[in-house]
Amino acid sequence: MDFLNLLARLADLDTTALPAAAPRRAALGRLGQAGTALLPALLFAGALPQPAAAAPQDTRTRLDVLLLARQISVFENEFYSQALGLVAGVAAVPLSATEKTAVQTLQQQEALRVALFSKLITDGGATLPTAPRYDFTGSKNGTKAALYPDLQTSPDTFLRVAQLLEDAGGRALLGQAEYVRNDGYLFEAVVRAQSVEARHASHIRTMRRQRGATVKSWVSPADAAITTAGTVAAKVYEGESNTVQVYTTTATATVAAATVSVPFSSTLPINVGTPPLTPAGILEKVAEAFDEPFDAIVYTNLADLFTY
Amino acid sequence: MSNITQNASDEAEFAKPLYTPIKRRSFFMYAGATAGATALLLSGCDDDDNTNVTPASGTVSLGSGDVGVLNYAYALEQLEAAFYAQVKATPAADFSATEKDYFNQVAAHEAIHRDFFKAAINRDAPGKIIPTLGAADLNFGSIDFTKRASVLATAKTFEDLGVAAYNGAGKYLKNPAYLVIAGQIVSVEARHAAYVRDLISNGSFADDSIIDPVTGLDKAMEPVAVIAAAQPFIKVKLDASQVGK
């Protein structure tokens with residue numbers, strides 16, 4: 001039996017048993033403490049409902065994942081629709097013909113996924129959330145200083161926010177996939193949506209580079225920052241510059257298990273060609289070579305900047 | 001019965017806490033859940049009687065279960081890394097300086113992915129890794145490395161294939177740590193794919209040939225279909241029929 005799969009099912013079925021307000025990190029902490037002792041007992045007893053109440057569980061259900069996946073596409077669809085002048089009362093961003101064609105592609109693909117995820121939600125018996133009101137300048141309809149005052153008139157600003165949303169969408173979806181791993185169809189839909197976000201982000205970055213910005217098609221420590229440190233938006237890039245991917249060693253009778261980083265910069269033969277990269281140069285490539293997931297809250301906080 | 005016991009210890013060895021990506025939430029989750037469930041996870045139903053790396057008549061089996069998926073990814077990353085290493089060593093005459101620089105960077109990313117899987121398999125499933133695909137095992141005869149167009153067309157094939165491969169194989173991974181790392185990699189492969197496509201034809205980063213025009217989702221392919229598409233570039237025959245099973 002696939003035990004984690006079972007756990008995930010229990011988590012879905014018995015969400016009421018978890019104290020509703022329990023902070024997720026606390027829940028995870030309990031998982032760490034209780035896991036070893038609890039799980040074998042659970043398995044041997046074969047009693048499913050009882051341990052579910054005590055079993056630590058994640059708070060992301062399938063519906064949570066679907067709603068976030070839909071929100072990401074709804075949000076980008078609205079953002080691009082406004083830029084294309086498709087929304088009444090909002091002027092189109094003055095893009096070149098080539099840029100406009102690309103934004104149309106982006107908008108249409110987001111609209112397709114809005115339809116897909118909406119259908120999955122309603123087919124499952126849930127209702128769709130009410131559409132929020134959007135203000136992509138970040139001024140909350142003029143009630144506070146705008147974050148991007150020239151969004152509707154400056155293609156550079158528009159593309160900067162587009163990059164932020166696409167990079168964020170990809171990271172958020174990446175963070176959701178593991179919660180639906182026991183649902184083959186939904187899992188695959190999430191990862192396939194995520195790689196589309198990555199393609200979109202790559203193209204937006206190419207568009208920005210063509211306009212003179214210092215940015216690669218992938219997230220790199222060498223990119224010029226597009227957010228201000230300490231802001232909600234900056235969280236989108238937090239952790240992306242990881243230069244270390246770690247694993248846990250096998251414990252032996254005499255040596256405890258330890259967390260060890262993959263030795264990209266020393267022993268692995270990744271230094272193809274000449275001149276050889278410096279160790280710092282290799283680590284920059286390591287950071288680029290892996291996109292990092294983030295929690296749903298980072299995305300919803302970002303979305304909150306642009307809704308009122 | 002003894003067979004089951006054997007399997008249990010085998011799988012337990014394989015399912016140890018693993019390559020945890022940097023995400024701390026996941027790390028704690030695995031630290032707890034995996035420590036508790038490791039001995040139990042997978043041991044019940046997976047009759048994993050694979051003899052992964054024994055080539056039968058020139059065929060290399062990628063293996064079954066999670067290690068099969070890892071070997072599958074490792075084979076594809078080896079192919080990509082070898083291709084870009086050659087591109088870097090003998091860049092096409094009509095590449096711009098920027099494009100040369102781009103391919104040097106992609107070469108490094110793919111080499112990192114390759115080495116990551118090598119390290120992962122060797123640690124988690126000792127003895128089950130597929131052989132290294134050396135120059136003699138690969139067949140790049142159809143690629144004209146001196147021509148930009150030929151290199152870009154091949155790069156597009158490999159990157160799109162890689163994205164579809166990860167998108168289609170993720171569901172076969174039972175271990176969440178692998179699942180996350182596969183996602184971390186496919187995301188970068190998709191960025192490569194979009195960039196190469198835009199080099200060939202600006203704006204083709206996500207056209208209908210690769211994005212489903214009904215669902216708006218990227219392509220996903222089953223392991224056997226991916227290996228069939230990659231096989232012309234690999235002399236040794238790869239058997240993906242048991243991957244994830």
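Proteins get letters first, then strands, A, B, ... in listed order; numbering begins at 1 in each.
Heavy-atom distances place no part of A/A115 under 4.5 Å from chain B, backbone and side chain included. With a 4.5 angstrom heavy-atom cutoff, B/I210 touches chain A only via side-chain atoms. For B/D101, no part sits under 4.5 Å from any heavy atom of chain A, backbone or side chain. With a 4.5 Å cut-off on non-hydrogen atoms, A/L116 touches chain B through its side chain but not through its backbone. Contacts between A/V219 and chain B at a heavy-atom distance below 4.5 Å involve backbone atoms as well as side-chain atoms. For chain B, no part of A/S220 is nearby; none of its heavy atoms comes within less than 4.5 Å. When heavy atoms are compared at a cutoff of 4.5 Å, A/R205 approaches chain B solely by way of its side chain, counted from C-beta outward. Contacts between A/S195 and chain B at a heavy-atom distance below 4.5 Å involve backbone atoms as well as side-chain atoms. For a residue to count as touching a neighbouring chain, one of its non-hydrogen atoms must lie under 4.5 Å from one of that chain's; by this rule B/A89 does not touch chain A. Neither the backbone nor the side chain of A/E110 comes within less than 4.5 Å of any heavy atom in chain B. There is no contact between A/A111 and chain B, counting heavy-atom distances below 4.5 Å. Only the side chain of A/T105 comes within less than 4.5 Å of a heavy atom in chain B; its backbone stays farther off.
No side-chain donor-acceptor contact under 3.5 Å links B/D208 to the backbone of B/P213. With B/H113 contributing its side chain and A/A289 its backbone, the two residues share a donor-acceptor pair below 3.5 Å.
No salt bridge links A/R113 with A/E76; every basic N to acidic carboxylate O contact stays at or beyond 4.0 Å. Ionic pairing of A/D167 and B/R191 is present here: one or more N-O contacts between side-chain nitrogen and carboxylate oxygen are shorter than 4.0 angstrom. Salt bridge present: A/R211 and A/E99 bring a charged side-chain N and a carboxylate O closer than 4.0 Å. One finds a salt bridge joining A/E288 and A/K216 here, because a Lys/Arg side-chain nitrogen approaches an Asp/Glu carboxylate oxygen to under 4.0 Å.
Among B/A220, B/A182, B/G203, the residue making the largest number of heavy-atom pairs under 4.5 Å with chain A is B/A220. Of the listed residues (B/A193, B/A164, B/A194, B/G168), the greatest number of heavy-atom pairs within a distance under 4.5 Å of chain A belongs to B/A194. When each of B/V106, B/D207, B/V163, B/L179 is checked for heavy-atom pairs under 4.5 Å with chain A, B/L179 comes out on top.
For B/Y166, the side-chain hydrogen bond (donor to acceptor under 3.5 Å, both in side chains) test picks out B/E77, with sequence neighbours left out. In this structure B/E222 satisfies the side chain to side chain contact (heavy atoms under 4.5 Å, CB included) test together with B/K171, B/Y172, sequence neighbours excluded.
Atom NZ of B/K156 is separated from atom CZ of B/R197 by 4.5 Å, given to the nearest 0.5 angstrom.
Looking at B/E189 and B/D160, their side chains never come closer than 4.5 Å, going by heavy atoms from C-beta outward.
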